[in-house]
Amino acid sequence: MSSCWRIIIFPGELEEAIRGFVEYYNNERYHESLKNMKPVDVYEGKGHVIQNERRKIKQETVYRRRLENQAVNMVIDRNVEVKHNAVVG
C-alpha cells in the first residue's frame with residue numbers, strides 16, 4: 001500500500017482505496033494486539049503454528065548465544081590468567 005496521499009474524486013476511486021487499505025490491514029500488517037500476527041493468519045487458524053515456530057527460534061537463539069558467550073568468557077578468562085601469570089611469575 002502506498003503511503004502517499006492523493007485526492008479522490010470519484011466514488012469508484014474511494015471504493016478502490018478502501019479495498020486496498022482493508023487488504024493491507026488484514027493480510028500484510030502485523031497487529032500487536034494479535035501477538036504480532038496478521039489477522040488473516042489468526043483467522044485461518046495459523047496462530048498456534050506461528051507462535052510455536054517463534055518459540056522454537058527464540059529457544060535456539062538463546063542457546064546459541066549462551067554458547068557464544070561461554071566461548072568468549074573462556075577466552076577472556078584465559079587472557080586474564082596469562083596476564084596474571086606474567087605479572088606474578
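Computed from a predicted structure; not experimentally measured. In what follows, residues are counted from 1 in the order of the sequence shown.
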Residue list, side chain to side chain donor-acceptor pair (under 3.5 Å) with [X], at least two apart or on another chain:
X: R55; value: N52
X: R29; value: H31
X: E53; value: none

- [ ] Run through the side-chain heavy atoms of Ile, Leu, Val, Met, Phe, Trp and Tyr, join any pair under 4.5 Å, and report what else lands in L34's cluster.
- [x]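 In the cluster with L34 are M37, V42, I50.
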Partner set under side-chain contact (heavy atoms from CB on, under 4.5 Å) for [X], not counting sequence neighbours:
X: E60; value: K56
X: E13; value: R6, I8, I9, F10
X: V22; value: I18, N26

Open item on the list: Using the salt bridge (Lys or Arg N to Asp or Glu O under 4.0 Å) criterion, which residues pair with R66? Sequence neighbours excluded.
Closed with: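 R66 satisfies salt bridge (Lys or Arg N to Asp or Glu O under 4.0 Å) with no residue once adjacent residues are dropped.
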Open item on the list: Which residues pass the salt bridge (Lys or Arg N to Asp or Glu O under 4.0 Å) test with E16, not counting sequence neighbours?
Closed with: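 Partners of E16 under the salt bridge (Lys or Arg N to Asp or Glu O under 4.0 Å) test: R19.
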Open item on the list: Once side chain to side chain donor-acceptor pair (under 3.5 Å) is applied, what residue pairs with a partner in residues 32-44 remain, sequence neighbours excluded?
Closed with: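 For residues 32-44: E44-K46.
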